[in-house]
Amino acid sequence: MEWVNTLDRAAQEAALSEIAPKLLLEAPKRPAERQLPDLPKAVEGAVVLRLPPEPSGYMHLGHAFHGLVNYLYRERYRGFLWLRFEDTNPKKVKPEYYESYREGYRWCGVRWDAEKNNSDDMILYYDYARRLLEAGHLYVCSCSKEEMARQRAEGLICSHRSLDTSWHLEKWDAMLSGSMSEGEAAVRFRGDPLSQNTALRDPVLFRIVDHPHPLKGEKFIVWPTYDFAAAIQDAVCGVTHVLRTSEFMFRDALQDSIRERLGLKNPVYVEYSRFEFEGTPLSRRRIRELIERGVVGGWDDPRLGTVLAARRRGITPEALKEFVKSYVALTPSRKLYSWDLLYAINKRILDPKTPRLFFTPQPRKLIVKGMGRKTVTAPLHPSLDMGSRVIEAGETLYIAGEDAETLRPGDRFRLKYLANLKVLSLADRTVVCEVEDGGPEPGLRVLQWVPEGSRRLEVIVPDLLFRGEEVNLESLRLVEGLAEPYESQLPLGSVVQFERFGYCVKDSPGLYVFTHR
RNA sequence: GCUCCGGUAGUAUAGCCCGGACAAGUAUGCCGGCCUUUCGAGCCGGAGACCCGGGUUCAAAUCCCGGCCGGAGCACCA
């Protein structure tokens with residue numbers, strides 16, 4: 001084996017073709033593309049899925065993955081996908097977030113077939129509620145929140161439960177008419193007060209929310225809770241498969257039960273643990289908190305796991321999709337992804353379409369004696385034809401501070417595409433060299449450089465926001481350096497690879513965000 | 001506290017339902033080599049895992065029981 005490794009590639013291939021030519025023919029480049037597992041009870045052409053975001057904050061990677069998972073299944077089974085906003089809590093919903101989800105999903109490459117809001121069907125909920133009230137499956141309760149919580153915790157039966165149907169109907173009408181105020185009454189499900197599953201202990205299905213809704217204004221004062229709205233909507237939308245995280249596990253029985261009492265069909269559930277990334281809080285509550293405390297700059301702070309941040313950092317939608325296919329499992333075991341997995345895929349996507357440029361962090365002056373003005377044409381990509389850029393070099397150049405540190409008088413090295421040099425002296429933080437004849441040599445160190453007049457720019461280098469439970473105070477580094485003039489031609493948002501530094505996105509003139517190596 | 005649900009290399013997964021071809025596959029990360037005018041990409045090789053203990057069985061990653069560890073839920077939020 002060791003002997004084989006001493007041979008170069010051509011020699012290895014030659015030897016192989018003699019002893020086992022077959023092996024050379026097969027050998028797929030990458031292993032067969034991984035796929036999501038089959039959906040249980042799925043029938044081609046008859047799968048209906050839904051994406052149910054609550055428009056109360058920005059999307060994070062978890063939402064993106066859920067979106068992609070649903071979309072991938074829609075493709076696989078030639079199914080139908082709903083985008084359905086769960087907006088039945090007027091106090092939490094904000095108008096700007098509806099569009100932010102649409103945009104976020106679109107950016108991820110998720111296409112949906114139809115769109116609606118849970119708040120669109122208020123009259124339908126009311127109709128169903130009346131039917132259930134009349135049949136005794138629902139009752140109006142005017143206990144205080146605290147009292148209700150006590151009952152539910154201790155498995156007690158509410159006294160309102162046994163009141164006449166006519167009383168409940170009357171109260172229901174009073175609720176709808178607006179003559180009752182918030183907290184005064186709620187509609188409860190007649191469940192099982194002693195059930196082990198506390199979701200079934202007569203939960204509230206409608207409550208009074210005296211707050212304008214961003215879409216419906218002040219038209220409604222009685223709002224269904226999540227369980228009721230979702231149960232009805234999944235049936236009304238004809239959803240066959242509900243894909244969601246396991247925190248909803250305990251709601252399945254309730255939602256099924258609501259539908260059964262209405263004679264509606266139940267979906268198949270596929271529930272899995274949430275997707276998390278190492279050192280990166282995804283919960284919107286926590287992110288909001290970090291923003292308020294000033295720990296991060298905003299929803300698009302590059303250290304965050306929001307879609308906004310990922311986009312800004314140069315994570316591509318293709319990478320997200322590929323990630324979902326290769327690394328996401330729809331299982332209930334805990335997942336804590338390391339960013340490296342995503343980076344590796346992203347790199348593979350970025351590499352063939354990203355120009356290479358020279359960037360010298362913490363630049364150090366370099367004087368090249370005896371070199372007049374010289375113009376070099378350097379390719380923008382090492383192996384693909386992406387064109388080239390022209391750099392005008394003179395006697396004064398700059399190299400990275402880190403590289404300059406390592407140089408000693410007498411050292412030889414090459415400035416990429418330019419010239420071979422020999423170090424004469426190092427004084428005043430300036431490296432003085434002389435030109436040597438010759439081109440690239442095997443083993444000769446190659447350094448990136450920039451000419452005089454290069455543009456100063458800063459690169460935001462994000463790191464993990466959290467180390468365990470602690471906020472990582474060094475999670476945002478700012479690296480400054482010089483980029484070759486060609487940089488100024490790049491439009492905002494473009495990704496470049498600063499050689500030997502890493503992939504970066506042009507965020508604003510003079511400012512880049514580091515993607516990954 | 002109560003109730004559920006999990007546990008395959010550092011990470012993510014395949015295998016588990018239907019026990020044997022699994023001395024456990026893959027990717028990523030790590031280490032070494034080749035190649036290369038980038039420490040990038042590519043190629044080759046290497047180390048690295050079935051949580052623990054019992055049981056069933058000719059045979060257990062796979063089935064059963066217990067323990068340990070981890071996660072989720074217990075709202076007039078979704």
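Lettering of chains follows the sequences in order, A, B, ..., and the numbering in each one begins at 1. Just the heavy atoms: all of them, side chains too, but no hydrogens, waters or symmetry mates, feed the values below.
Phosphate contact (OP1/OP2 of B:C77, side-chain N/O of A:R207, threshold under 4.0 Å): present. Between B:U11 and A:K335, no contact under 4.0 Å exists linking OP1 or OP2 to a side-chain N or O. In this structure, A:T198 does not reach the B:C2 phosphate: none of its side-chain N or O atoms is under 4.0 Å from OP1 or OP2.
Across all strands shown, B:C50 forms no Watson-Crick or G-U wobble pair with both key distances under 3.5 Å. When Watson-Crick and G-U wobble pairs are counted only if both distances are under 3.5 Å, B:A21 pairs with no nucleotide at all. Nucleotide B:U36 has no partner under the Watson-Crick or G-U criteria, as no pair reaches both atom distances under 3.5 Å. B:A9: no Watson-Crick or G-U partner with both key distances under 3.5 Å is found in any strand. Both distances falling under 3.5 Å, in either a Watson-Crick or a G-U wobble arrangement, occur for no nucleotide opposite B:C16. In this entry B:G29 has no Watson-Crick or G-U wobble partner, no candidate having both defining distances under 3.5 Å. Nucleotide B:C63 forms a pair with B:G55, judged by Watson-Crick or G-U wobble geometry with both contacts under 3.5 Å. B:C74 is paired with B:G1 under the Watson-Crick or G-U wobble criterion, all donor-acceptor distances under 3.5 Å.
Taking atom C1' on both nucleotides, B:C65 is separated from B:A75 by 37 Å, rounded to a whole Å. B:C50 and B:A61: their P atoms are spaced 11 Å apart (whole Å). Separation of the P atoms belonging to B:A72 and B:G32 is 39 Å when rounded to the nearest angstrom. Spacing between B:G70 and B:A59 at atom P, rounded to whole Å, works out to 35 Å. Of the C1' atoms belonging to B:G46 and B:C69, the separation is 32 Å, rounded to the nearest Å. Nucleotides B:A12 and B:C52 have their C1' atoms positioned 24 Å apart, rounded to a whole Å. Spacing between B:G25 and B:C16 at atom C1', rounded to whole Å, works out to 15 Å. Nucleotides B:A49 and B:U26 are separated by 14 Å at their C1' atoms, to the nearest Å.
Among the atoms of the strands shown, none is found under 4.0 Å from any heavy atom of A:L415. Base engagement by A:Q497 is indicated by at least one non-hydrogen atom pair under 4.0 Å involving a base atom. Within the nucleic acid shown, A:P382 comes within 4.0 Å of at least one base atom, counting heavy atoms only. Across all strands, A:K91 comes closer than 4.0 Å to no nucleic acid atom at all (heavy-atom distances).
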* Output, in order, the C-alpha distance, side-chain angles, deciding distance and verdict of side chain to side chain contact (heavy atoms under 4.5 Å, CB included) for A:M122 and A:K216. => CA-CA 10 Å; A:M122 296 296 283; A:K216 311 297 172 201; 5.5 Å; no
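Of all nucleotides listed (B:U11, B:U38, B:C76), B:U38 comes nearest to the side chain of A:R356. For A:K347, taking side-chain heavy atoms from C-beta onward, the closest of the listed nucleotides B:U28, B:A78, B:A41 is B:A41. Of the candidate nucleotides B:G40, B:C77, B:U3, B:G40 has the atom nearest to the side chain of A:D351. Out of B:U28, B:A14, B:C5, the shortest distance to the side chain of A:T331 is found at B:A14. Candidate nucleotides B:A12, B:A78, B:C76 were compared by shortest atom distance to the side chain of A:R251, and B:A78 ranks first. Out of B:C76, B:U37, B:U11, the shortest distance to the side chain of A:S338 is found at B:U11. The side chain of A:R414 lies closest to B:U37, out of B:A78, B:U37, B:C5. Candidate nucleotides B:A78, B:A12, B:U38 were compared by shortest atom distance to the side chain of A:N89, and B:A78 ranks first. Looking at the side chain of A:Y417, the nearest of the listed nucleotides B:G6, B:U37, B:U3 is B:U37. The side chain of A:P440 approaches B:U37 more closely than any other nucleotide in the set B:U28, B:G40, B:U37.
With hydrogens and angles ignored, the 3.5 Å screen pairs no side-chain donor or acceptor of A:W172 with any backbone N or O of A:V140.
One interatomic measurement links the two molecules: NE2 of A:H60 to C1' of B:A78, which rounds to 12 Å at whole-angstrom precision. Protein atom CD of A:E499 is 7 Å distant from nucleotide atom P of B:U38, rounded to whole Å. Protein atom CZ of A:F250 is 11 Å distant from nucleotide atom C1' of B:G71, rounded to whole Å. For the pair A:L421 CG and B:U37 P, the computed distance is 18 Å after rounding to whole Å.
Using a 4.0 Å cut-off between charged side-chain N and carboxylate O, A:D234 and A:R84 make a salt bridge. Between A:R76 and A:D38 a salt bridge is recorded (basic side-chain N to carboxylate O distance below 4.0 Å).
Remark: A:R389 qualifies as a cation-pi partner of A:F358 under the 6.0 Å distance and 45° angle criteria applied to the six-membered ring.
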